[in-house]
Amino acid sequence: MKTSEKLIILAGAAKYDASCSSSGSNRNSDGDGTGNAAESGICHSWSADGRCISLLKILMSNDCLFDCRYCLSRRSNSQERATFTSEEIASLTINFYLRNYIEGLFLSSAVYASPDKTMADMIEVCRLLRHKHAFNGYIHLKIIPGAAADLVQQAGFLADRLSVNIEFPSEASLKRLAPQKSKMSILAPMKQIGDNFTGFQLERKKSRNSPVFCPGGQSTQMIIGASGESDFQILNLTESLYNKMSLKRVYYSAYIAVNEGLYLPALTTAPPLLREHRLYQADWLLRFYKFQAHEILSPAFPNLDDRLDPKAAWALRNFDLFPIDINRASYEELLRIPGVGILSARRIIKTRRVAAIREQDLKKIGLVLKRAKYFITINGKYPARSSLSHHQLVDAMCRAESPAARKLLQNSRQLRLF
Amino acid sequence: MDTTIYLHDGSFEGLLHAVAAAVKSKEGVKGIYAENGYSRQIFDRHIRIQTDGQQALRLFDYLKKLKGSAARYALNGYLSDDRDVGIHLYWLVRECLARGPQATELYTHDSIRYLDKLSQKVGKEAHRLTGLIRFRILEDGLQYAPFESDCNVISYCARHFRKRLKNRQWILHDIRRNYALYWDCSSLQEIAIEDDFTKHVRQYGELPDARISHDEQLYQALWKSFHAAIDNKDRKNIELQRRLMPRRYWKYLSEMRD
């Protein structure tokens, strides 16, 4: 089979992986090598689904021995199968990289032999790139569940980022939908990577000569909407992945119904894009806004509100904490106000050091007044009408949602009619 | 009366010197412009600055000493090719002289906000282009990348690629400003590109057929098919794609061509 045909099959099969990030690593260009990694990450193109293309995202093979129910490449599907040679992948990567199409490689694979053999072959590709081609660009390597610990270790010394897909938010769903994968085979390498990542980072602080282990950290992905877990379960899991396994990112992937089968949503089900969007907003609150999962959801309210971003929903539930005075509040308090982002909170702090903020300044600073006005006072004045009932407030906040979120909401409601 | 207008030669030093001169003068300042493309109005008083590098440097050193990003505001403001950057720099300096060095972070000040936005625009476009620039590899290994940008970001891009592709010879060519930089594996220099060649690239967004190697064609085709294969049809969102990668950048992207 020609490389070009393989590329179409194996990129097509890799498109269900959500991540395409190339950030977090600052690998230098050395000696005769090609390339470096940009700490901030760089997007090189965007596909028609609006997602950024930063890495050559491909599977090594889609010839899978496993039969995970949700997966397009499962054994029982009659698919065209293909497997790249390591030299093919290395040459594609280098040639794309030199033309500045990509930041590097994101290599994943179906389990086409034993997990160890598959993992070893993927590591071989990295070795070829790093050593034979002296490639210093970004490599994101997927860890195959069940791969031996020493292979995971080798992978960490070659790649910029590693990821193990957790696939489902609970062990029961994993058993049901991916019977050949086990919780242990996923969590063990995750923990190993997390420990090594922090360990080698500490080593680096002591000595510049100690090796770099997976400098971009690790990420994972879970499928949303193919199993019955609540957003509360998902968010709690996300939080413990950040805190206990030192993950850099948790990705959510709205389930796209590609297979028919027991335990799966019907083929006509649309991917739950709105739910995915709300979960990402909640994830942002955990990572950047100093929220905790139990503040956002609770057993009594286990799912995110379709109509509202989670921060607005939290603020409405805790309306007694407001209004907050823009000229007095701390940075942490400012971050809790709907319509105030990280940038505008920082600007408020900086501007206040020079001069007090006036009502007419609020828009200039970049805070979204149509959301924030219900939650703030400015020099003793409350900028919104003060006699709104809770119901009216919720209504106003729904109307103040971003156009993108409102469109998602509209689409999700339309589809439900069928 | 705010009627004095300072004119400079359009260089970065010229801009800085003009701003410095305006700050020093006791009279009101109406505008600070590059001479080229400016049409004089009859009731205004004009002062044409003869650029003095020392004067410019003194102001630049002062800006660097201020808190925050004042020096970057000046440089990026210049690179943005914005017509009004001079007067806003003037107001920034005046504000800092009056309120102290931390006034550069006074985001509620119209001129400071204006400069911050310009600076972000330049930084954002430079970053965007480090991703959207596409090299064509010629038969002899020389890499050539044409692009068109709103702001003058070629120097930022060159700084990025001299680290990344330091062992390759390459040319970055800003087609809109017809300005090209050549990296010969050890130094960066300005280079003149043939007019006929530039004209062809500007018209078709691609090199003349005779200059495209077989390999180059092959990889452009592979990239295009990868770009199509990685698209998730069930998540189609053209609007988002257009917002993140505006149409004006498509001309030199082989994957976006029909």
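Throughout, protein chains are lettered first and strands after them, A, B, ... in sequence-line order, and every chain is numbered starting at 1.
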> Please walk me through it: do Arg128(B) and Ile42(A) pass side-chain contact (heavy atoms from CB on, under 4.5 Å)?
Replying inline: CA-CA 8 Å; Arg128(B) 191 179 234 167; Ile42(A) 296 174; over 6 Å; no

> Closest heavy-atom contact between Ala355(A) and Arg99(B)?
Replying inline: CB-NH1, 3.9 Å

> What option among Leu132(B), Ile238(B), Leu222(B), Asp215(B) has the most heavy-atom pairs under 4.5 Å with chain A?
Replying inline: Leu222(B)

>> Quick one, Tyr219(B) and Arg99(A) - any side-chain contact, counting heavy atoms below 4.5 Å?
In response: yes

> When only pairs under 4.5 Å are counted, which of Leu106(B), Leu253(B), Leu165(B) shares the most heavy-atom pairs with chain A?
Replying inline: Leu106(B)

> Can Ser45(A) and His227(B) be counted as having a side-chain donor-acceptor contact under 3.5 angstrom?
Replying inline: yes

>> Please give me the minimum heavy-atom distance between His127(B) and Ser40(A), naming the atom from each residue.
In response: CE1-OG, 3.5 Å

> Is it the backbone or the side chain of Arg235(B) that comes under 4.5 Å from a heavy atom of chain A, or both, or neither?
Replying inline: both

>> Just so I know, are the side chains of Met245(B) and His44(A) near enough to count as touching, which here means a heavy-atom distance under 4.5 Å?
In response: no

> Between Leu244(B) and Gly50(A), what is the shortest heavy-atom contact and its length?
Replying inline: CD1-O, 3.5 Å

>> Is there a salt bridge (charged side-chain N to carboxylate O under 4.0 Å, His left out) between Lys364(A) and Asp110(B)? Walk through the geometry before answering.
In response: CA-CA 8 Å; Lys364(A) 298 178 183 172; Asp110(B) 288 339; 3.6 Å; yes

> Non-hydrogen atoms of chain A under 4.5 Å away: do they reach the side chain of Phe161(B), the backbone, both or neither?
Replying inline: side chain

>> Any non-hydrogen side-chain atom of Ile53(A) less than 4.5 Å from a side-chain atom of Phe226(B)?
In response: yes

>> Check for me whether Arg347(A) meets the cation-pi criterion with Tyr107(B), that is, NZ or CZ under 6.0 Å from the six-membered ring centre and within 45 degrees of the ring axis.
In response: yes

> Mind checking whether Asn28(A) and Lys163(B) have side chains closer than 4.5 Å, heavy atoms only?
Replying inline: no

>> Measuring only between side-chain heavy atoms, which start at C-beta, is Tyr101(A) closer than 4.5 Å to Glu255(B)?
In response: no

>> Is Gln102(B) in contact with chain A via its backbone, its side chain, both, or neither, using a 4.5 Å heavy-atom distance?
In response: both

> If you tally heavy-atom pairs under 4.5 Å against chain A, which of Asp231(B), Leu240(B), Asp234(B), Leu129(B) wins?
Replying inline: Asp231(B)

> Rounded to the nearest 0.5 Å, how far does OG1 of Thr108(B) lie from CD1 of Ile357(A)?
Replying inline: 7.0 Å

>> Please classify the contact of Asn167(B) with chain A as side chain, backbone, both or neither, using a heavy-atom distance under 4.5 Å.
In response: side chain

> Side chain, backbone, both or neither: which part of Gln220(B) has a non-hydrogen atom closer than 4.5 Å to chain A?
Replying inline: both

> Would Lys233(B) and Asp49(A) pass as an ion pair if we require N to O under 4.0 Å?
Replying inline: no

> Can you find a pair of side-chain heavy atoms, one from Arg168(B) and one from Leu98(A), that are under 4.5 Å apart?
Replying inline: yes

>> Given heavy-atom pairs under 4.5 angstrom as the criterion, report whether the side chain, backbone, both or neither of Lys236(B) touches chain A.
In response: both

> Taking atom types as modelled and ignoring hydrogens, do the side chains of Asn100(A) and Arg134(B) form a donor-acceptor contact shorter than 3.5 angstrom?
Replying inline: no

> What are the two closest non-hydrogen atoms of Ser47(A) and Ile230(B), and how far apart are they?
Replying inline: CB-CG2, 4.3 Å

>> With a 4.0 Å cut-off on N to O distance, would you call Glu105(B) and Arg352(A) a salt bridge?
In response: no

>> At a 4.5 Å cut-off on heavy atoms, which part of Ile365(A) comes close to chain B: side chain, backbone, both, or neither?
In response: both

> Gln143(B), Lys67(B), Arg136(B): which one forms the most heavy-atom pairs within less than 4.5 Å of chain A?
Replying inline: Gln143(B)

